[in-house]
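Worth saying up front: this structure is predicted, and the values here are computed from it rather than measured. All chains are named by letter (A, B, ...) in the order of the sequence lines, taking the proteins before the strands, and each is independently numbered beginning at 1. All values below were derived from every heavy atom in this structure, side-chain atoms included, with hydrogens, water molecules and symmetry-related copies excluded.
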There are 2 protein chains.
Amino acid sequence: MSRIPGRVPTAAPTLADVAELAGVSRQTVSNAVNNPDLLRADTLVRVQDAIEELGYSPNRAARNLRTRSSHLVGMRLSPGQEFTANAAIDRFVHSLVETTGEAGYHVLLFNGDGNDPLRGYDDLLRSTAVDAFVVTDTYLGNPQAAWLRERRAPFVSFGRPWDDPDATHPWVDVDGAAGTELATRHLLDKGHERIAWIGWRKDSFIGEDRRAGWSRALKERDLSTTGMASRVEDTVNSGREASAVLLDEARPSAFVCASDTLAMGVLHTLADRGLRAGADIAVVGFDDSQVAQVVRPGLTSVRQPLEDAAIRVVNALEGLLAHPPRVGPGILLTPTLAVRGSS
Amino acid sequence: MSRIPGRVPTAAPTLADVAELAGVSRQTVSNAVNNPDLLRADTLVRVQDAIEELGYSPNRAARNLRTRSSHLVGMRLSPGQEFTANAAIDRFVHSLVETTGEAGYHVLLFNGDGNDPLRGYDDLLRSTAVDAFVVTDTYLGNPQAAWLRERRAPFVSFGRPWDDPDATHPWVDVDGAAGTELATRHLLDKGHERIAWIGWRKDSFIGEDRRAGWSRALKERDLSTTGMASRVEDTVNSGREASAVLLDEARPSAFVCASDTLAMGVLHTLADRGLRAGADIAVVGFDDSQVAQVVRPGLTSVRQPLEDAAIRVVNALEGLLAHPPRVGPGILLTPTLAVRGSS
DNA sequence: GCTCCCGCTTGGAACGATCAAGACCTCGGG
DNA sequence: CCCGAGGTCTTGATCGTTCCAAGCGGGAGC
């Protein structure tokens, strides 16, 4: 039954086909695939040859049915906000796909309809389509975590359980405060003393976290933060306006921003006023987006270790799905700083 | 058996459970789910009530095993080049997830290991894990299409079969030439007559296609293209150097670029020389990336209708998977132009 | 020589759905 | 009165895999 070029077998070979060819029983073939140790060496070789010859791969559906697991990890892709955060999520997805692949899993993407974010989870869970979830949008008031826990659905969240410090589920997050602290220290080291902050509105936990890093670094050197901070929407224009006001009222020599989008707004203001980013006024953004890399003169930006985050998430998933489940503590990763012309 | 708060049923209800509760047979429940027309109205209601009460969803694995289909669509995420093209793919993935969801499918992401791109396809195909594939990287010499066709694996490609005009598989693509033609005409309408091209090296079909649109628009008005084109790598620096040379040698008043990355290079050169983008020299990019939206003074850019493309891809998939398969012709979509300050 | 145990293999029975075919009832026509 | 048709629902078999418990042969121990 060697492969004939141009002729493709109509039906995929099954365990029974392999067993017959190798002259053993179905179970022996199954063991050869799942528990090779149980077989005598020569039998194993014979079975493996047969598998090779037929081009056999276990039927996923049958295996899933029997073992009650799909080796799929579900992740909800929240419908498109065209923002910086989105690009970061995409980078994370890339890393996640790569890492899960190495662990023998695949990533299944879905999006619940907008008005009921839980719908997608519910469907997949009840139909046992996925083994676990990766949850990414852990903003305030998002009921996913609590809901999933109540259903005893295994999941790992990328993002801290901000609104529930006692949450018991595993999570991985990037220490935003450490990132902005790094950025602020970098500016302090360059001799800046009047460093302004432009961040998000107060209801964003992530925004307040990032702001805390900036303020911590300043207070460490006994520098005041009063009047040096502005909290706005995450748009270029907001960043532009906020930085214009701050320049007039607080006269900072540097800006740290909660996002590259806001930092771009600062760059616009500087250009409006004939100021040179980097030379006259320093600017640091957050997320190391493509924008930061290609804009003139290069935007220094905090880079989240998303590849590493994906690895940790998958590790946590493997722990959750092990028998018995091993559930570790939350993991906080430290970002790095990509230094470019703007500082 | 109403749902008791805090208490979650350990095992998911099965068809048999519903059947018992409704006082009918398994098959009748199955029909209620898949062929409601076959049931008498009152029976249907009774069964649906039972389904509702138990919170029943068909077990995906069992259904997949029996019907030999998974309702999953596989897509290979090519390992991260951090380029513009990547962001476009991500946008496409978002749209694809949304559209497949509406069609009752889910998207499964994978990435074969780098040295053997076919490996991932092969595994999924032989284990019948997905019903079909969406292929995105149709660059020259990529063996995926031919390989998949040989295996009789259903797939739709996003991207034309450049190297094989007789290919019979369904595909969807964006008319790059129409996009650059649109961009060039836009500049012509603004009064520009010396319009330069910065594109990719000649071995890129996509690059040559986009270039053709530029040259077509110019020739239509009897304007010469000689000496007005440059073909380089897709990096900011290449765009910067190429535009500097062109400005010196060909004295264009406008640039059309094969990517936003290259266009950013042009903007750098203009800034280097104290020229104002939009006012002194016009620039148009391609892909309408985030960069184009936030850079100063806004980069006019060709925007691919990726949402529409995803819809067409899913349509084609549904046709392929129908009984009997309906396979339509290739579909070419026309991009639009997002006009901003740079022109 | 018998039992016991170990290592490997075996057939049978799930997993939960759909397919194919048959049973039952009603109704209309001959 | 009988028959066939059609609508409605039920029964048995099946998809391909893994789990379970038993089978089988050989070597060690008594």
B/S/- along nucleotides 8-18 of chain D (protein heavy atoms under 4.0 Å) is SSBBBBBBBBB
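Under 3.5 Å, the side chains of B/Asn34 and B/Arg63 contain a donor-acceptor pair of N or O atoms.
Remark: A/Pro305 engages A/Val174, A/Asp308, A/Leu333, A/Pro335 in a side chain to side chain contact (heavy atoms under 4.5 Å, CB included) (not counting sequence neighbours). Applying the salt bridge (Lys or Arg N to Asp or Glu O under 4.0 Å) test to A/Arg40 and every residue at least two apart in sequence or in another chain returns A/Asp42. Checked against salt bridge (Lys or Arg N to Asp or Glu O under 4.0 Å), A/Arg46 has no partners two or more places apart in sequence or in another chain.
Outside the 6.0 Å centre-distance limit, the rings of A/Tyr121 and A/Phe155 are not counted as a close aromatic pair.
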Give every donor-acceptor pair under 3.5 Å between a side-chain atom in residues 13-24 of chain B and any protein atom, sequence neighbours left out.
unit_1  : atom_1 : unit_2  : atom_2 : d
B/Thr14 : OG1    : B/Ala16 : N      : 3.1
B/Thr14 : OG1    : B/Asp17 : N      : 3.4
B/Asp17 : OD2    : B/Thr14 : N      : 2.9

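Comparing the start and finish of the helix from C/dG1-D/dC30 to C/dG30-D/dC1, five pairs each, the helix axis swings through 60°, to the nearest 10 degrees.
Note on A/Arg91 versus A/Glu307: salt bridge recorded, some NZ/NE/NH1/NH2 to OD/OE distance being below 4.0 Å.
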